[in-house]
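Atoms within each ligand, like the ligands themselves, are counted from 1 in listed order. Residue indices begin at 1 and follow the sequence shown.
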Amino acid sequence: MAAPDLPRVLSGIQPTSSSFHLGNYIGALKQWVAMQEGHEVFYFLADLHALTMEPPDPKVLTERSRGAVAQLLAAGVDPERSAVFLQSHVPGHTQLSWIFECLTGYGEASRMTQFKEKMARGSGDRVSVGLLTYPVLQAADILIYQAHYVPVGEDQRQHVELTRDLAQRFNGRYGDTFVVPDAFITPESKKILDLQDPTAKMSKSLPDAGTLNLLDDPAALARKVKRAVTDAGSEIRFDPAGKPGVSNLLVILSAVTDTPIPALEADFDGQGYGALKNAVADAVVAFAEPLSKRVHELLADPAEIDRVLARGAERARPIAEATVRDVYDRVGFVPPADV
Ligand code: TYM
């Protein structure tokens, strides 16, 4: 089993829209950035996964992938410390995925919550086989690097559970091969809620008014925050069950200003929702505006983005190849002879 000196961290994000949203940042990317310290980190764009719903126009996918890299870098992912790469640049992911597909029950895959939800939105033949096997590819993404921690939001917990099950299943059948990884999910920021519907998670598939996109212009961000649905009463208190809208705004404010929630509760003691919304709007704009500017600067040099990706894949590929060789050997494939 590969045993890196530092604990290994792996995570991925899909380039499925032109901008990540604040849920992606607070739930995942902020932890990606923090975990660059004291860990060996691998972060990739799940461009293969991005084909599982309605495959985008090829040009759009290319553009979104480069745009996604720029957003990761602008958010603080440092390509010197992190291997930043595209899933499609490391063929081992799909090679390993096949092995796990053969170890996953059909029923097991079809019981995944995200599959069922997406299935409910599509219909019949428009639901691809790739959507069913999506979490199996995700397991391969993680296990191929022998990752110890997977920083993700709550919606990915079940996929990491499946990953653990598959690692244990393979290890049980073929001998100790894979590190069994842990999801790294931060309690307060694991599920940022939609601003218009605080019972749902913030998501690119919900109407735009409830989603704070990192690349939205400042006026749009401020407007969305000011129109956020809040709760009955007027007290500003962190109470996710009783006051989901207000608590969500507190979590956002806490994340973008690095201020603990109790300190914010104390600051807003005796003030109304209007004051909280103004503060959140200002803080979100102060966070997103420079990030957005940096993204545009980075995108002015797409060749440099491609070089970052090439260097990242170069770091990832040897590890992925070694895992695939070991797995092929263990399952009994005849090794190719030297000729
Ligand atoms: P994706 O692209 O949907 O989301 C990227 C990350 O953002 C988190 N997230 C949220 N966190 C808090 N609140 C929200 N409202 C919110 N919305 C999204 C997600 O939990 C995720 O961490 N299947 C993955 C991509 C993937 C992956 C992997 C992740 C492919 N292979 C291997 C980890 C390891 C996905 O679709 O994430």
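Close N/O approach between Leu10 and ligand 1 is not found [any backbone or side-chain N/O within under 3.5 Å]. The distance criterion of under 3.5 Å between nitrogen or oxygen atoms is met by Gln156 with respect to ligand 1. Checked by distance only, ligand 1 and Gly23 come closer than 3.5 Å through their nitrogen or oxygen atoms. Residue Ile192 places at least one N or O, backbone or side chain, under 3.5 Å from an N or O of ligand 1.
Taking a cutoff of 4.0 Å between a charged side-chain nitrogen and a carboxylate oxygen, Asp155 and Lys201 qualify as a salt bridge. Taking a cutoff of 4.0 Å between a charged side-chain nitrogen and a carboxylate oxygen, Arg307 and Glu314 do not qualify as a salt bridge. A salt bridge links Asp182 with Arg164: at least one charged nitrogen is closer than 4.0 Å to a carboxylate oxygen. We find that Asp239 and Arg237 are joined by a salt bridge, their nearest charged nitrogen and carboxylate oxygen being less than 4.0 Å apart. With salt bridges taken as basic N to acidic carboxylate O contacts below 4.0 Å, one links Arg81 and Glu37. Taking a cutoff of 4.0 Å between a charged side-chain nitrogen and a carboxylate oxygen, Arg8 and Glu40 qualify as a salt bridge. Salt bridge Asp282/Lys277: absent, no basic N to carboxylate O contact under 4.0 Å. For the pair Arg311 and Glu304, the salt-bridge criterion is met [side-chain N within less than 4.0 Å of a carboxylate O].
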**Full working for side chain to side chain contact (heavy atoms under 4.5 Å, CB included) between Tyr328 and Ile99** = CA-CA 9 Å; Tyr328 274 21; Ile99 305 290; 4.1 Å; yes
**Message:** As a quick check of understanding, evaluate ring pair (Phe, Tyr, Trp, His ring centres under 6.0 Å) for Phe44 and His89, giving each step before the final call.
**Reply:** CA-CA 10 Å; Phe44 71 95; His89 284 181; over 10 Å; no
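Under the 30°/60° scheme for interplanar angles, the aromatic rings of Tyr134 and His159 are found to be tilted. Between Trp32 and Tyr43, the two ring planes are parallel [angle under 30°; tilted spans 30° to 60°]. Using cut-offs of 30° and 60° on the angle between ring planes, the pair Phe170 and Phe100 is perpendicular.
For ligand 1 and Gly27, the ligand atoms under 4.0 Å from any heavy atom of the residue are 11 (N), 12 (C). The ligand atoms of ligand 1 that sit less than 4.0 angstrom from a heavy atom of His49 are 30 (C), 31 (N). Atoms of ligand 1 found under 4.0 Å from any heavy atom of Met202 (numbered from 1 in listed order, with element): 14 (C), 15 (N), 17 (N). Applying the 4.0 Å criterion to heavy atoms of Lys201 picks out, from ligand 1, the atoms 15 (N). For ligand 1, the atoms lying closer than 4.0 Å to a non-hydrogen atom of Lys190 are 11 (N), 12 (C), 13 (N). Applying the 4.0 Å criterion to heavy atoms of Ala28 picks out, from ligand 1, the atoms 6 (C), 7 (O), 22 (O).
Nearest protein heavy-atom contact of atom 27 (C) of ligand 1 is Gln138 NE2, 3.5 Å. Scanning the protein for heavy atoms near atom 1 (P) of ligand 1, the closest one is Gln14 N, 4.3 Å. Counting only heavy atoms of the protein, atom 5 (C) of ligand 1 lies nearest to Ile13 CG1, 3.4 Å. For atom 25 (C) of ligand 1, the nearest non-hydrogen atom of the protein is Gly12 O, 3.7 Å. Of the protein's non-hydrogen atoms, Asn24 ND2, 3.1 Å is the one closest to atom 7 (O) of ligand 1. Among all non-hydrogen protein atoms, the one lying nearest atom 3 (O) of ligand 1 is Lys204 NZ, 4.1 Å. Ranking the protein heavy atoms by distance from atom 19 (C) of ligand 1 puts Asp155 OD1, 3.3 Å first. Looking only at protein heavy atoms, the nearest one to atom 31 (N) of ligand 1 is Asp141 OD2, 2.7 Å.
Note on ligand 1: Ser203 sits outside its first shell, no heavy atom being nearer than 4.0 Å. Contact between Gln87 and ligand 1 is absent, with no heavy atom of the residue lying under 4.0 Å from the ligand. The closest approach between Tyr134 and ligand 1 falls below 4.0 Å for a heavy atom of the residue.
With a 4.0 Å cut-off on non-hydrogen atoms, Phe44 touches ligand 1 through its side chain and not its backbone. Contacts with ligand 1 closer than 4.0 Å are made by side-chain heavy atoms of Ile142 only, the backbone lying farther away. Using a 4.0 Å cut-off between heavy atoms, Val150 contacts ligand 1 through its side chain alone, with no backbone atom that close.
Here the closest non-hydrogen pair linking Tyr145 and Asp141 is CD1-O, 3.2 Å.
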